[in-house]
Structure formats: structure tokens, C-alpha cells
2 protein chains.
Amino acid sequence: MSVSGAEGGLPAAGGRRRRGPGMTEVARAAGVSQKTVSRVVNGEPHVSPEVRDRVLRAIRELDYRPNTAARALLLGRYRRIGVVSLGSSLYGPSTLLIALERAMQRAGYSVALASTLEGQKVSAAVDALLEQGVDGIVLSEPIDDGTPLRLSADVPVVSLGEGVELTPGTSAVVGGDGVAAARMATEHLLSLGHRTVWHLPGPQDWWAARDRLRGWREALTAAGAPEPPLPSPGDWSPASGYAAGRQLAELSDITAVFAANDDMAIGALRAFADAGRAVPGDVSVVGYDDIPAAAYLSPPLTTVRQNFAAVADRAVDVLIALIEGRPAPAEPSGQAVELTVRASTGPVRDQGPVPHPAPAP
Amino acid sequence: MSVSGAEGGLPAAGGRRRRGPGMTEVARAAGVSQKTVSRVVNGEPHVSPEVRDRVLRAIRELDYRPNTAARALLLGRYRRIGVVSLGSSLYGPSTLLIALERAMQRAGYSVALASTLEGQKVSAAVDALLEQGVDGIVLSEPIDDGTPLRLSADVPVVSLGEGVELTPGTSAVVGGDGVAAARMATEHLLSLGHRTVWHLPGPQDWWAARDRLRGWREALTAAGAPEPPLPSPGDWSPASGYAAGRQLAELSDITAVFAANDDMAIGALRAFADAGRAVPGDVSVVGYDDIPAAAYLSPPLTTVRQNFAAVADRAVDVLIALIEGRPAPAEPSGQAVELTVRASTGPVRDQGPVPHPAPAP
DNA sequence: GTCCCAGATGACTACGTAGTCCAAGATCGC
DNA sequence: GCGATCTTGGACTACGTAGTCATCTGGGAC
């Protein structure tokens, strides 16, 4: 072997790895030059069918795999996209991550994953990705600590939220339709005759939570409904939904609640049940996400479903266009969001004041 | 610039990317050789503090980032681990993925993600990872289509299940304690006085589902309880749990059910409610996963919680030991699994025959 | 028959890094 | 004061790939 140097004097552990064959070895086996192997591998023209066959056979026999590190070094491109995730296993983020991975794989890019560990900034995850070598970055569930995040990556960046300030020309924001979805959920409740709708907000450092709050507010304003005070924001968990639900259940005039996500809605359902308020008899509840369990809760939950696949596809389209210097594709038309009405919402029963705590005359 | 060739004649799109500075440029700026920069970057000894400072300053000024492609090409190692996931957003798999990412990041490895698209084999995902360049692979939620998966990767592989046949010497199976957990859940129900326990199995091509089935069976056998027939296996979804629950609700002598996961348990809860069987009055139900919502369901769900972080940490420990040629670390002691008893399980009410469908004489 | 052109193939090189080996200066022992 | 050892830094090279350009062959036009 010509590569015996790599085998001989080096320690097995921590040293250089045994490598597979390279184009040179394939070339020798096929009796052609390394460059011709390169042509075959990359499907370039000007290779006679006979030579091509010989090379392909040698590739198969040697179990040759192209070395992406060498290719990346030469071309300066990695065919890899980095995804910054929050490292949570919440339904929305993980569904989105899966959808992003699928879209990137379809586009011929591989995926590098970096999560922001607790307390760590997004920029640390971005740095880790840049150091590892990526052609572009998707900020999957951006959060911010008040000030907008300022990134100076030398690759295109697509953010799925708005709390990010990016260098112009190489970046883009691709949002789902969170505001519209929240508006839709609120309007549904108003259309059932509820005088107004209360909101269980999510963590306000999440872009998604702010969007839902905004959509709720917009719908109330548009309908001329009064805006009730907000309970303290939750953290997407059922526990936080329960806590907020307990607060709300104390109030007598509540008939409709829009929770920031399904998990918080589940907590609120439990809180209302514990307080003796029937859902949907006394209070209607709407969630957000349409988790698989939503249809099987007691009562089945009215909720809003986002089209994560569509959001992911568009984000990847835009990012790859930026990477490859093509113009960004046109905004696809069509709502990516949909309300599923189930048994947790219903018309207002009556306008009698306090339903349970004291069965008024 | 000496690299002007890369700037000049090449097309901007699809061609070579503009690159950051290399060690050579840093060296020129600091007035040392490229090798000395390499020494500073890698923390090697034999560099005077003064030179080190000069180099570090140049690095900061030029915003130098080491090129991992070049390093990987030279060393044959990538400091990257591939994770094969199933591309589902189920609670277990996504929690595990997050935990794996955290563990790898902590160990100084970056993460390449590949999911098996629908209908695609695991080996395709493995090939994609190998082609991209990884030092090792974790099979996160291995499934198999009957025959054990036979992989011929030239890197170490750690599988989190058993349905995989691996080349010896460079691979390992690191299981959670799924069997023990299922046994624990079943024993809990038996200890409440239930004559036997029915099981809602998960998809049997998943290793995790087979483990739970096995643990359930072992507990019944050990207790001398009869083994009831199995409903058709579900797919982890609440819908499939509902379907199986409807089947079981027809039967008169059911008092205890162990579902393969919490989502299926949620479906079963709904099915029993629809059939007029009270939980836990008539039927006790145990789930698996302890999803955040479990404590807030109606009724709150007794369930089993796996320690995903522990499983992930151990998998990464073992894999990195294999990669670096160190002996695998000792098996950590301690149960990674825990039963949380809530209101969905209770003692048998009585042994009277059919509670609801027909109040037999 | 000569010329020319297109297709087919290969030699050479750069990409950025770290291992190897060598050179020059510094420090020490005697 | 001189060789021996240590410290510090640099020159050179390989890693596997694809771009550039040169070479060679064969066939058709004239």
C-alpha cells in the first residue's frame, strides 16, 4: 500500500484514522487518471462509456466514498446547513426541526445541529456552527433577551422569527403565520358570542409567544372587544397553564380563553375542572399546535394547527437561494394555518353572572 | 492578496465561496510562521508568551476561524458524530435527540442529523452520514423490518436498541431499561389487586415497543397472572390508543391496562370514557414516558419516566470511547427509570362481573 | 492527403492544516 | 569557556479533491 505511512508509526488512538481508498486508488485499479475518476464521480461529460464503466466497477469493488472534507477544503462549500434549536422537546420546535431536516435532505444538504444550552446565547451556537463549517444557518426558534440579537455570520442566515437583526444581503426572516393564527382562534371565540377572550400568554422572550399575543390583541381590537388583563406569562408547560388557569378561574366573568399552546391549554382545562367550571359549558378554551393528543382530551380541544412542513420548506428554499446566489423564490400563497374546532369551545351559555362559586338567584 | 485567484475569475454563485483568513494570513500579520500559529491555536507548548500574545491578537483582529475541512482532511477525523433518527416528533425520540445533542456538545463533538425518510432504510441514512464524514454514529430509535439490520460502517456505531447486527469491535448497544420499566408498570397494577393486566402494544418494528411488551409479559409470568390477548398494535398515536381502547372496552373483565406510551394511554382514556367505563373506578390505566401533560389529564396519568439524559450520556460516552480507542466506561449503576403514580390507577373496585355493557344477573 | 476541430484523457496545482525534521539561540554543567 | 541539552520557530510536506490547461486521438471537410 502506498498509504502505509499512515498505518505504521502512528498511534491507533487519537491519531489519524485508517482511511478508505481515495480517487487515486480507484484510478489505479481502473487504469485511468485520478482526474478521470473525478469526472465520473461528478457526472462530467467527456468520458467514454467504456472508461466510465471501468471506473464505476472499481469504485464498487473498493467501496470508494468521496471525501467531503477534501471537497469542502477545495471548494469552500460544505453542502451542509446548520440549525440552531433551543434544545427543547416541545411539540412545535421538534416538529419544525424534523421538517427542516427533511427539507434540507431533499435539497441535497446535510444538517448540523446545535442547541443553545441553558443560559447560553444563540450566538455561541452560531459560532459553533460556523467553526464546524456550514454554508448557511437556520435559526429555528429564536428567542431574545430584550435586545435584538445581532449576528455577524459570514454565511446566509434565515430566522424563523423576528427578534434578530441580521447583516443585510445575506439573511432573511421567514415567519409562519402566527399572528393570523392567533387572530383566527380569538375570532372563533368571539363569533360564538363571547363578550371577550382572555389570553394565557407564553414566555415573552419567544418570538412565537409574542406573535400569538399580538394576534389575540388585534382580533379583540378589530372586534371592539375589551382587552382583559393578562395573567403572568407561562413557559409553554401544562404546569404554567394550570397556574394561570387557577388565577383566571377566580374571576367570575370569564367565558373564553385562548392559550398560547396546547400544553398550557391542558393545564387550564385541569384548573377549570378543579375549580368546578365546566368546559365548554362555563368556559370555552382554545389551544395552539394541534398536538396529536388534542382530539382525545376531555373535552377534545379546539386548536390551531400550523403547517410546519410549509414553513420549513420555505425557509430552506430561501436559505439555499441565498447560499447559491439565486434570487429568493416568490412568497408562496395560501394560508399555512388552520383552525380545528372541537368540543372545548361552544356558545356562551347565558350572561348570568357567577356560574359556580355561588349559584346566584 | 495571495489568494486573489479565488476572487477573480470565478463565478460568484455556485462557485467557490469567499473565504476567511487562513493561518498563513494570521502568521503574516503576527510576523511568525504558519506553523507557529498552528501551535498557538492548538495550545501546543514551546511558544513564548510574547509570541503567543502577538498571534492571539492577530487572530482576533482578522477574525480568524480554523478551517475544519482542512483539519479533517489532514487528520482523517471530523470531531463530528452522526445521529440517525426516525424523523418523528414523538416525545421520546425528540427528547432523546436533544439529550444526545447536549451530551455530544459537552464532549466537544458536533452533531450531524440524518433522519430516515418514510420508506427509506436506516442504512441509507447511515450512508449519508458516512459520506458527509463522521467519526461515529448513534442509531437513536432503531426499528427493523423483521431481519436485523446489518451495517458495515467503518466507524464505531452505538445503537440504542437491539435490532441491529453490527460489525464486532467497533459497535455497541446501549439500551435504556425499557424492559424493567414495563415490568415495573405492570407490577404496580398487579400490586393494586388486579387479576391481570392488559397491554396496548406499540408498533412492533420499534425496539422500544418490543421491550415494553416483553417487560409486561415477564411481570405477568413472574406473578403467575394469565396473559390476556393483545389488541392489534398501535403506532404510538392517541388515535391508535383510542382504537385499541374501544376494542378492550367491549370486554367485561378488564380492570387494568398498560399502554405502550402516554399518547396511546390518552386515546385509551377517551375510549373508556366514551364506553362509560370509569378510570380508575372500573379500569386502571398506566402510560409510558411521563409527558409533561400527563399530570394534568383527566384523570392524571400514572406513568413511567425514563431518564433520557442518562441514556444519552452513556451512549455518547461509549461511542466516544470507541472512537478514541479507549476502553468503554463501566456500566453506571442505578435505575434509569421511575414510576410516577397518579390518579389513573387504583385498587380493583370489586370482582363483580360486567360493570357496564350489560349488568348481568 | 492535409488540415482542423471536437472529444477524451491526463499532468499539475491549490485548498488550509498539522506532523516531521531541522536550525538557531539560550541555558546549563563541568 | 566549551560542548550538551533545551527552547523556540520555521521549512517542507501530505491529506483528497477538482479546476486549468495541455496532449492525444479520430473523423470529417476540403
Side-chain angles (χ1 to χ4, degrees), chain A residues 2-11 14-28 30-52 54-55 62 64-79 131 133, chain B residues 1-11 14-28 30-52 54-55 59 62 64-79 131 133:
Chain A
S2 70
V3 285
S4 63
E7 302 252 323
L10 287 156
R16 307 184 189 211
R17 267 235 337 272
R18 195 180 54 75
R19 293 156 194 272
M23 281 189 176
T24 314
E25 339 243 333
V26 174
R28 198 174 315 144
V32 297
S33 77
Q34 172 264 322
K35 177 67 224 213
T36 297
V37 177
S38 167
R39 274 194 264 263
V40 171
V41 167
N42 294 306
E44 287 172 23
H46 307 314
V47 179
S48 70
E50 171 215 5
V51 167
R52 181 179 306 272
R54 234 169 44 226
V55 170
L62 296 177
Y64 164 77
R65 246 185 274 274
N67 182 320
T68 33
R71 185 178 277 163
L73 172 59
L74 184 58
L75 299 181
R77 307 205 40 230
Y78 298 86
R79 290 205 76 76
E131 191 138 337
Chain B
M1 313 257 163
S2 70
V3 284
S4 62
E7 302 253 322
L10 286 155
R16 305 181 189 213
R17 267 236 335 274
R18 197 180 52 76
R19 294 155 192 275
M23 280 189 175
T24 315
E25 338 243 332
V26 174
R28 198 175 315 144
V32 297
S33 77
Q34 171 264 322
K35 177 69 225 212
T36 298
V37 177
S38 167
R39 275 193 264 263
V40 171
V41 167
N42 294 308
E44 288 173 23
H46 307 315
V47 179
S48 69
E50 173 216 4
V51 168
R52 180 180 307 273
R54 234 171 41 228
V55 170
I59 286 178
L62 296 178
Y64 164 77
R65 247 184 272 276
N67 181 320
T68 34
R71 185 179 273 161
L73 172 60
L74 183 59
L75 299 180
R77 306 203 42 230
Y78 299 86
R79 291 205 77 76
E131 191 140 333

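Lettering of chains follows the sequences in order, A, B, ..., and the numbering in each one begins at 1. This is a predicted model, so every value here is computed, not measured.
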Atom pairs under 3.5 Å, N or O on each side, protein against nucleotides 22-24 of chain D: can you list them with distances?
none

| Starting at the 5' end of DNA chain C and moving along, which residue's nearest nucleotide shows up first, B:Ala70 or B:Lys35? | B:Ala70
| query | What residues form a side chain to side chain contact (heavy atoms under 4.5 Å, CB included) with B:Ala72, not counting sequence neighbours? | reply | A:Ala69, B:Tyr78
| field | Spacing of B:Asn67 atom CG relative to C:dA18 atom C1', expressed in whole Å | value | 13 Å
| side chain to side chain contact (heavy atoms under 4.5 Å, CB included) involving A:Ser38 - partner list, sequence neighbours excluded | A:Met23, A:Gln34, A:Lys35, A:Asn42
| said: Rounded to whole Å, how long is the line connecting atom CE of B:Met23 with atom P of C:dC15? | reply: 16 Å
| request: Write down the distance between CZ (B:Arg77) and C1' (C:dT17), rounded to a whole number of angstrom. | output: 15 Å
| task | Rounded off to whole Å, could you give me the CG-to-C1' distance for the B:Leu75 and C:dT20 pair? | result | 14 Å
| query | Are any side-chain N or O atoms of B:Thr68 and backbone N or O atoms of A:Glu131, one a donor and one an acceptor, separated by less than 3.5 Å? | reply | yes
| query | For B:Ser48, which residues count as a side chain to side chain donor-acceptor pair (under 3.5 Å) partner, sequence neighbours excluded? | reply | none
| request: Taking only the side-chain heavy atoms of A:Thr36 (C-beta and beyond), determine which of D:dC15, C:dT9, D:dC12 contains the nearest atom. | output: C:dT9
| said: Measuring to OP1 and OP2 of C:dT17, would you say a side-chain N or O of B:Tyr64 lies under 4.0 angstrom away? | reply: yes
| field | B:Gln34 CD - C:dC15 C1' separation (whole Å) | value | 13 Å
| Contact list for DNA chain D against residues 41-52 of chain A - heavy-atom distance below 4.0 Å | A:Asn42, A:Glu44
What's touching nucleotides 4-6 of chain C from the protein side, N or O pairs under 3.5 Å?
none

| said: I want to verify a distance call: between C:dG10, C:dG16, D:dG19, whose nearest atom is closest to the A:Ser33 side chain? | reply: C:dG10
| said: Measuring from the side chain of A:Arg71 (C-beta onward, heavy atoms only), which nucleotide among D:dC15, C:dT17, D:dT17 has the closest atom? | reply: D:dT17
| task | Figure out the CG/P separation between B:Leu74 and C:dT20, and round it to whole Å. | result | 10 Å
Close N/O contacts between protein and nucleotides 21-26 of chain C (under 3.5 Å):
none

| task | Report the distance from atom CG of A:Leu73 to atom C1' of D:dA14, rounded to the nearest whole Å. | result | 12 Å
| Is there any salt bridge (Lys or Arg N to Asp or Glu O under 4.0 Å) pair reaching into residues 36-50 of chain B, and which pairs are they, with sequence neighbours excluded? | B:Glu50-B:Arg54
| query | With respect to the side chain of A:Val32, which nucleotide from C:dG10, D:dT17, C:dT17 is positioned closest? | reply | C:dG10
| request: Find the bend of the helix from C:dG1-D:dC30 to C:dC30-D:dG1 as the angle between its two terminal axes (five pairs each), to the nearest 10°. | output: 40°
